[in-house]
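By convention in this document, chain letters (A, B, ...) are assigned in the order of the sequence lines, proteins followed by strands, and residues within each chain are numbered from 1. Values below: all heavy atoms of this structure, side chains included; hydrogens, waters and symmetry mates excluded.
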Number of protein chains: 2
Amino acid sequence: MTTTSASNAGFAHGRALRPSSKVLPEHARGHNRSLVLQTLYRSGRRSRADIARETGLTRVTVSALVADLIADGLVVELGQREETRPGKPATLLDLDRSAFVIVGLDLSEHSTFSGALLDLDGTISARAEVALAGSTGEAAVEKVVALAQQLVDQATVPILGIGVGSPGVVDLGGVVLSAPNLGWNGMPLQSILNARFGVPVLVANDANAAVLAEHSFGGADSDAMLIKIGHGVGAGLLLGGTPLFGSRFAAGEIGHVVVGTDGGAVCACGKRGCLETWLSIPNLIERLEEEGDAARTAVLREAGERLGIALAPVVGALDLSEVILAGPTELLDGPLAAATVETLRNRTMAEFHGSVTLRMTTLGQDIVLRGAAVMVLSGQLGVS
Amino acid sequence: MTTTSASNAGFAHGRALRPSSKVLPEHARGHNRSLVLQTLYRSGRRSRADIARETGLTRVTVSALVADLIADGLVVELGQREETRPGKPATLLDLDRSAFVIVGLDLSEHSTFSGALLDLDGTISARAEVALAGSTGEAAVEKVVALAQQLVDQATVPILGIGVGSPGVVDLGGVVLSAPNLGWNGMPLQSILNARFGVPVLVANDANAAVLAEHSFGGADSDAMLIKIGHGVGAGLLLGGTPLFGSRFAAGEIGHVVVGTDGGAVCACGKRGCLETWLSIPNLIERLEEEGDAARTAVLREAGERLGIALAPVVGALDLSEVILAGPTELLDGPLAAATVETLRNRTMAEFHGSVTLRMTTLGQDIVLRGAAVMVLSGQLGVS
DNA sequence: TTTGTTAGTAAAGCTTACGAACAAACACCT
DNA sequence: AGGTGTTTGTTCGTAAGCTTTACTAACAAA
């Protein structure tokens with residue numbers, strides 16, 4: 001049954017069966033393969049028989065799939081189980097978590113592109129940064145390529161793929177349709193990187209990447225919304241474990257939604273009272289400086305209230321159970337978050353949405369690049 | 001290859017492959033079977049070869065699947081294609097659209113349960129109603145059973161299934177978790193009807209059913225939100241063609257979300273300024289009577305503005321392309337709808353969401369029961 | 001030593017889809 | 001009229017995938 005699969009191939013599946021597309025036995029096989037992988041990924045050190053019981057597949061089938069995975073270098077045998085019990089001792093298996101690395105890039109910061117090398121567990125083994133120095137357009141793409149190259153050069157094992165969290169609107173093919181700060185309009189970043197490095201590349205919106213990270217590493221449940229507050233305000237939505245992209249790939253773009261019915265500051269976009277005018281970090285800092293230290297709490301509370309006002313209809317309509325904030329802790333985690341959750345509860349139906357929780361991310365600065373890594377994991381291995 | 005499938009069986013599949021569950025060849029077969037059915041459903045009168053080209057399956061496979069479907073009585077041969085062209089003339093096929101009927105029930109009206117018998121195209125061949133007469137709890141269930149029985153008795157061909165659109169919160173197993181007006185709390189309506197009639201039954205929230213109907217019969221696209229305005233206010237969401245249920249099955253329950261930052265009337269739920277206080281039909285009528293004819297437009301416009309204020313964050317966050325209103329045309333289709341769309345556009349980012357459209361449903365009073373029928377179609381045949 | 005249990009493998013069989021090849025039926029060209 | 005090419009739908013054989021059945025290996029308990 002040794003499948004003699006050519007070198008590194010075998011898990012470069014297309015993935016993503018579109019709903020209305022034929023299903024061949026081979027696709028079913030790929031699915032079951034991912035299922036085995038996923039079982040090992042979530043908690044390793046299981047025997048073939050354990051996996052069979054857990055997945056519902058037979059031991060025979062699991063053995064065949066595991067043989068494939070071992071041949072591909074993704075799974076290793078760890079030796080026999082210590083535990084003493086009747087019957088033949090089990091051979092424990094685990095993902096070879098150091099067999100591959102993932103390159104994760106975060107393009108969402110204002111003046112820096114940062115990246116890291118992550119193993120399959122999400123452990124970071126190397127980091128790199130490039131200063132943006134005001135680059136836009138092609139020059140900014142060159143910075144991305146340079147950053148990726150720096151990380152690729154540091155890898156000592158094969159690279160599973162490159163994941164990128166980019167600001168702006170990104171379509172499903174990894175084309176950045178619009179990222180004003182970087183001067184990108186229809187920039188095919190995914191193709192460019194793929195052509196350059198010859199490995200699978202996945203590009204998505206930064207907030208979408210972030211919510212994936214929070215789901216995989218931060219314990220967020222399957223219906224969650226992550227609000228990313230920085231130079232702008234954006235959101236990533238996870239519904240039933242699947243990221244939401246929207247009809248024009250602009251889901252989560254809530255920075256320029258008007259909040260409340262009582263005016264507000266004029267926004268760069270021309271409207272008055274956009275969420276960003278209250279909540280973006282530059283605006284927040286400006287207001288804090290204007291009003292002075294005495295009014296600090298009041299300013300933060302008001303920003304939090306505005307966020308709550310904007311989120312209430314969304315939480316209600318989507319029946320979200322969890323809202324997560326990402327951004328500078330010193331500003332967000334305090335009166336602002338408290339006011340947001342209060343407002344949210346006062347404005348939604350307790351019976352349905354009373355138990356909505358709001359918390360800060362636990363992943364700190366690395367949230368986007370970890371999310372980018374999750375995209376690769378899920379795209380290449382069907383694991384998340 | 002005649003499958004000699006026992007009488008009516010053969011398409012009573014479980015459906016709904018959960019993402020993390022094994023896939024057997026048999027499941028793949030079911031998928032491909034649905035694929036063939038779906039191509040015929042959308043526009044019939046195709047040959048086996050046509051279907052093969054369209055689905056990507058081979059003619060051989062399509063022939064086998066079609067033989068199954070003919071044996072099950074779902075597909076019929078129509079004879080040879082008239083059109084004259086080279087090659088052996090094709091044998092045209094179509095769904096046997098009158099081979100089965102679907103029972104669709106609408107429990108969302110205030111004082112009446114209504115239902116209909118629909119064929120696979122959604123054409124209504126019989127109707128029935130029962131007066132609710134204030135029934136709640138078990139008594140209300142009896143009314144539902146009586147209504148279904150009335151329709152079942154009128155059917156002259158086998159019944160594909162019963163679909164029900166119920167108010168309130170309904171879980172995926174068709175248990176009505178909470179429907180205050182009917183006094184239902186954890187009422188297992190789906191099991192009850194299934195036990196009673198021995199055919200597949202699907203129960204879902206009325207607004208969810210409605211948005212499915214609008215998608216299948218009303219031309220709504222795959223990312224749409226339907227606002228159902230009646231005694232209460234609720235919404236049904238379709239994202240990527242899939243209905244959204246939410247973490248507690250309460251998605252779309254937006255009637256008691258507070259709108260705006262300037263107070264409003266006190267609601268039955270205790271809060272002030274809920275969407276329902278502005279928009280529910282009883283409240284709207286009351287206000288129209290209070291303010292008199294001269295203020296009619298102003299009252300309707302204000303209600304529309306409130307709806308727009310509540311929807312803006314949702315449209316922004318989800319990047320919806322289409323919002324649909326269902327309810328009394330004489331109140332909704334005019335100043336109210338106009339004000340809603342204006343408000344929506346003023347409060348969202350034109351670049352992303354500018355082309356959001358808002359319109360009335362084209363399905364009138366039958367929207368919920370048609371949606372209930374779509375649920376059966378999609379659940380039993382994988383067609384929609 | 002016997003009994004019963006568990007792990008993993010091997011062989012055979014079923015299902016499903018595919019490709020090759022073919023006959024039937026037709027249009028079109030000479 | 002007859003040949004040529006095209007299209008349809010079927011038959012036959014094959015490849016892939018999972019299951020069932022049956023087996024061996026390895027262990028604990030009595």
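In this entry the distance linking CG of B:Asn32 with C1' of C:dC18 reads 12 Å, nearest Å. In this structure, B:Glu26 atom CD and C:dA17 atom P are separated by 11 Å, rounded to whole Å. Rounded to an integer number of Å, the gap from CZ of B:Arg46 to P of D:dT8 is 13 Å. Nucleotide D:dT8 holds its P atom 11 Å from the CG atom of B:Leu92, rounded to whole Å. Computed from coordinates, the A:Leu65 CG to D:dT19 P distance equals 9 Å when rounded to whole Å. Distance CG (B:Asp68) to P (C:dA17): 10 Å, rounded to an integer number of Å. Nucleotide C:dT16 holds its P atom 11 Å from the NE2 atom of B:His27, rounded to whole Å. With rounding to whole Å, A:Glu77 atom CD is found 13 Å from C:dT9 atom C1'.
Each of A:Val60 and A:Gln80 was matched to the nucleotide of DNA chain D holding its nearest heavy atom; the match closer to the 5' end belongs to A:Val60. Remark on DNA chain C: of its neighbouring residues B:Thr58 and A:Arg53, the 5'-side contact belongs to A:Arg53, judged by nearest-heavy-atom nucleotide.
Nucleic acid contact class of A:Ser47 (heavy atoms, under 4.0 Å, all strands): sugar-phosphate only. The residue B:Val62 sits apart from the nucleic acid: no heavy atom pair falls under 4.0 Å. Residue-level contact check: A:Arg48 touches the backbone only, with heavy atoms under 4.0 Å from sugar-phosphate atoms and none from bases.
Minimum interatomic distance between B:Arg33 and B:Leu69 (heavy atoms only, all atoms of both residues): CZ-CD2, 3.6 Å.
Judged by atom type and distance alone, A:Arg29 does not reach the base of D:dG17 through any side-chain donor-acceptor pair under 3.5 Å.
Closest to the side chain of B:Asp50, from the set C:dT9, D:dT10, D:dT8, is D:dT8.
Each of A:Arg59, A:Arg46, A:Arg48 was checked for a salt bridge (Lys or Arg N to Asp or Glu O under 4.0 Å) with A:Glu54, and the lone residue meeting it is A:Arg46.
Residue A:Thr91 places none of its side-chain N or O atoms closer than 4.0 Å to OP1 or OP2 of C:dA7.
Looking only at atom types and distance, the side chain of A:Asp50 has a donor-acceptor partner in the side chain of A:Ser47 under 3.5 Å away. Side chain to side chain, B:Ser321 and B:Asp221 meet the donor-acceptor criterion of an N or O pair below 3.5 Å.
Remark: B:Arg97 engages B:Asp121 in a salt bridge, criterion side-chain N to carboxylate O under 4.0 Å.
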